[in-house]
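I'd like to ask you about the structure that follows.
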Number of protein chains: 2
Amino acid sequence: MKHLYSSAAVALLALSQSTLPAIAAGQSTPAASNVPGAEIPSINPDRSIAFALKAPDATSVLVAGGDGLGKGPFAMTKGADGTWSVTTPPSVPGFHYYWFVLNGVSVNDPASETYFGYGKETSAIEVPEDGADFYSIKNVPHGEVRAKWYLSKTTGEWRRAFVYTPPNYDEQQKTRYPLLILQHGSGEDETGWTRQGRAQFILDNLIAAGLARPMIVVMDRGYAQRPGGPAAGVGSNAWLQNLQLAFSSFEDVVIHDLIPAIDASYRTIPDREHRAMAGLSMGGMQTLFIALQHLDMFAYIGSFSGPIIPSLGAVNLLGANPQEHFDTKTAYGGAFADPSAFNKRVKLLWLGVGTAESDQFRTGIGGAVEALRGAGVRLEYFESRGTAHEWQTWRRDLYDFAPRLFR
Amino acid sequence: MKHLYSSAAVALLALSQSTLPAIAAGQSTPAASNVPGAEIPSINPDRSIAFALKAPDATSVLVAGGDGLGKGPFAMTKGADGTWSVTTPPSVPGFHYYWFVLNGVSVNDPASETYFGYGKETSAIEVPEDGADFYSIKNVPHGEVRAKWYLSKTTGEWRRAFVYTPPNYDEQQKTRYPLLILQHGSGEDETGWTRQGRAQFILDNLIAAGLARPMIVVMDRGYAQRPGGPAAGVGSNAWLQNLQLAFSSFEDVVIHDLIPAIDASYRTIPDREHRAMAGLSMGGMQTLFIALQHLDMFAYIGSFSGPIIPSLGAVNLLGANPQEHFDTKTAYGGAFADPSAFNKRVKLLWLGVGTAESDQFRTGIGGAVEALRGAGVRLEYFESRGTAHEWQTWRRDLYDFAPRLFR
C-alpha cells in the first residue's frame, strides 16, 4: 500500500504560491518560487542564494542564470552525501531565471517551479525586494485572469490569450472598460506577464489604491505563422533576417483576430482613445512596430526595454550591428515626422530601460528618447534603478505605465 | 547584436499547444506536448516513441515515466554527436509523465512542456488515441478558465482555484448554473484538470453536442494546512499516518471557504441538487471523504480511481495493508447504512477505474462496487479499457460522468 501512495508522498504542503515574504532578519528563507515543501533554494538576508542538487554520480555541476544572479556560472561542490551546493554572491532583487549545468547539460532544478523562458520551461528564483510589495497579492479586491481561446483567421489555428478582467467586472454589468494589450518577451509566451510578471496583482493593487483606472488587459502569444508561410519561429533564419516577416503575421493577428475577438467577448470601449499596447523586450519591439503603424487603433504606447528598430523591418538581426541611426523624420514609417500632430494624436508614448541593462539596450533606447525629445515629440522615459533585462524592470515599468493610461 | 537576440533565437514558432493531431501514417510526429519547434520526442505510427537528449559528457542516460510508456526505464545510447537516444516499445494512448535519469539524477526533458506532478514540474508526452477527439479543441463555443483567488479563513492564506465558466456565461446574465468541484490527484495541483486533463475542452464538446448541461466547474488546490497546525504535506508522517488529519483541513476549505466564495462570485444554483464533487485518485478519496459527510451539500458524487478508505480516517497509510473490509453498514460514517434512503437522497454515485490499473486499485474499487450493489445502493461503475492510473483514464471518466450530472 505504500506503493499505492508513492506519488502522494511528495507534495502535500499548502504553501501559497503567491506570498512574497520578506527575508527574515538573520536567517535564510526558502524562495517563494520553490515548489511546495522545498527548503532550498534559500535566500539569505544579504540576498546571496544557496542552491543544492543531489547528484552523487555527477562529475560537474554548475548553476547559471539571469543577470541578477551575478556573474555566474557558479561551480558547485560535492558533499559527502552526494549533494552539490553553492552559495552565490548577493543577488539583485527580482525574478531570475536559472538552471543547473549537470555534466554539461542544462537542466531544471526539481525544487523550483518552472516558467516559460528561453523557449522552454525554466527554473527561476524570486528574490524579494525590501519594501516593495506592489506586486504582492494583498487583501484588496481581485480581478480574474481568464484563458480565452479564439480562432485566428491569420494562422488558421485556435490561439490562447490570457485576459485580466478588473475587480467586480462581473458585477458591473453596465460598465465598459479600456483595453491594454500587454506582450511578453522573446522565448517567453502568453503566460509570462501573470506568472513571471504578476501583472494581475500589480493592477489589483493600483486599482484598489485609485492609482489606475480599471481596465481589461489581454496578454497574447507573440508568435504567429501564416498557413504555408515561412516559419515565424527562430531557428528559421528567415526570422532573424527579416523583422518585417517576423512581426507582420503577429500584427495581422492583433489587428484582425485578437482585438475583434476581445471586443466581441468583453465589455471594452472599442476605440483608439481607450486602447493601449505595451510589451517588454521583443514585445516592446512588436508594440512599436504594430501600434505606430496603426495609430487609428491605439492612443497609448509603451515599450519596456524594447530594442529600437527605426526602419520597421528588413533588418537582418544576424548582422553585426543593426543599431540604426534614429532619424525622426523617417523612423517607424514616418510616425514622428510631424511631432505636433503626433503629440495631438498619441496620448502617451512611454519608453523604459533598466540601468543595469547592457549598453546595446541603453544606448538604443536612450538615443531614441534623445532624438524624439529633440524633435519635440512628447514622451515619458523611465529608468529602473539597478535592474537588468529582467522581470523586476518590467514589473516596475508596468507600475509606472498603467496609472498613465486612459486619463 | 546577435547577443542581444540570443534568447530570441530559441522559440518563435507558432504551434498551437492545443491541437492533438492524429499520428500520420508511415511517419513519426512531434508530440503535441513538446515545446514549440521541438521535433523530438516524436511518436511513430505504432505509438513507439523516440526520445533524445544531447549530453556529450554524460555517462548514463535513461528515460522513465508513467505506466503507459511501457516497462521502463529504457536505457538510451550515445551517438557520435553526443546525443543519447532510444525508441520505446509501443505506448498506450494518453498522457504520460516521463523524465530522464542523467548520471543518476531525474531531470526534465528540455524539449517538453512541464506539468505539475509528483510534487514538481515534470515532463510529459501526449500520445494520441485513434478516433478519440473528445478532449481536442474543436470549432464549438468555448468556455473560459479563470484563475480565482480567494481568502481562506481555514488556512489564513490566499488560495488560487481555477473556475471553468461555460460558453456564453457572460452573455446569459439571467442564467444560473450548477457547480461541479473537480479535484486533482496526489502530487498534482489545481492546474492538473485543465493542463493534463483538458477538462475545459471535454466540457465544451459535451455541452456543444447537447450531451452535458452547461455547468460551472471549480478546480481547487487539494492541500490545506491550518495556521500552526500540523503540516498537511507529505514528508510529514502525520499525513501518512492519519487520513483524517490530512483531509479534514481541506474539507473545511471546501465547505467553509471555497463554496461560499464561488457562490458569491459566480451565478451558481447554490443548493445540493445542483452541486457535485468528483476527483481523481487522491481527489476521489477526498470526494468520498468530504461529500459523504456532507450530503446536505452534494447530490452528485464521483470517484475516479480513488482508493476506498471506508473508515474515513485514522488510517495509517504507512501501514502494510490498510485495505479495509467494506462493511456497508459502517463504511464512510454509515452513509450507506440505509440504502433506500441513500438512493433517494443521492442522485448519482459514480465509481471508476482503469482496467490496466494495479490490483490494489481494481480490487479496492471493485470490492466496494460489489458490496454496495449487493446492499442495494444504486451506483454507476465505469471501467476505462486498457488504461492505467493515468490521465487518459480520468479524461474518459469525466466524459462519462459529466453528462449524468444535474438531470
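So you know, we letter chains A, B, ... as the sequences are listed, proteins then strands, and number each from 1.
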> In terms of heavy-atom proximity below 4.5 Å to chain A, should Y169(B) be classed as side chain, backbone, both, or neither?
Replying inline: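 Side chain only.
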> Of the backbone (N, CA, C, O) and the side chain (C-beta and beyond), which part of S265(B) lies under 4.5 Å from a heavy atom of chain A, both, or neither?
Replying inline: backbone
> What part of T122(A) is in contact with chain B, defined as an atom under 4.5 angstrom from a non-hydrogen atom: side chain, backbone, both or neither?
Replying inline: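 For T122(A), neither part sits under 4.5 Å from chain B.
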>> With a 4.5 angstrom heavy-atom cut-off, is it the side chain or the backbone of F250(A) that approaches chain B, or both, or neither?
In response: neither
>> Under 4.5 Å from any heavy atom of chain B, what part of N139(A) do you find: side chain, backbone, both or neither?
In response: both
> For chain A, which of V107(B), T194(B), T165(B) has the most heavy-atom pairs under 4.5 Å?
Replying inline: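 Heavy-atom pairs under 4.5 Å are most numerous for V107(B).
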> So which of A58(B), A147(B), G82(B) has the largest heavy-atom pair count under 4.5 angstrom toward chain A?
Replying inline: A147(B)
>> Could you check whether T154(B) and D252(B), counting side-chain N and O atoms only, form a donor-acceptor pair closer than 3.5 Å?
In response: no
>> Please check: side-chain N/O of N103(B) versus main-chain N/O of S60(B), any donor-acceptor pairing under 3.5 Å?
In response: yes
> Between K148(B), K54(B), E171(B), Q173(B), which shows the greatest number of heavy-atom pairs under 4.5 Å with chain A?
Replying inline: Q173(B)
> With a 4.5 angstrom heavy-atom cut-off, which part of L102(A) approaches chain B: side chain, backbone, both or neither?
Replying inline: both
>> One pair to check against side-chain contact (heavy atoms from CB on, under 4.5 Å): Y266(A) and R146(A). What are the steps and the verdict?
In response: CA-CA 11 Å; Y266(A) 301 92; R146(A) 308 176 178 197; 3.7 Å; yes
>> For a quick check under 3.5 Å, do Y97(B) and D67(B) share a side-chain donor-acceptor pair by atom type?
In response: no
> Of all heavy-atom pairs between G185(B) and S281(B), which one has the smallest distance, and what is that distance?
Replying inline: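 For G185(B) and S281(B), the tightest heavy-atom pair comes out as CA-CB, 4.4 Å.
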>> Just so I understand: if I count every heavy-atom pair under 4.5 Å between each of T59(B), V145(B), V105(B) and chain A, which residue has the most?
In response: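 Maximum pair count with chain A is reached by V145(B).
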> Considering only heavy atoms, which portion of P110(A) lies under 4.5 Å from any heavy atom of chain B: side chain, backbone, both, or neither?
Replying inline: both
> For the ring pair Y223(A) and H184(A), is the centre-to-centre distance below 6.0 Å?
Replying inline: yes
> With the threshold set at 4.0 Å, does a side-chain nitrogen-carboxylate oxygen contact exist between K120(B) and D189(B)?
Replying inline: no
> Between Y150(A) and R159(A), do the side chains contain an N or O donor and an N or O acceptor separated by less than 3.5 Å?
Replying inline: yes
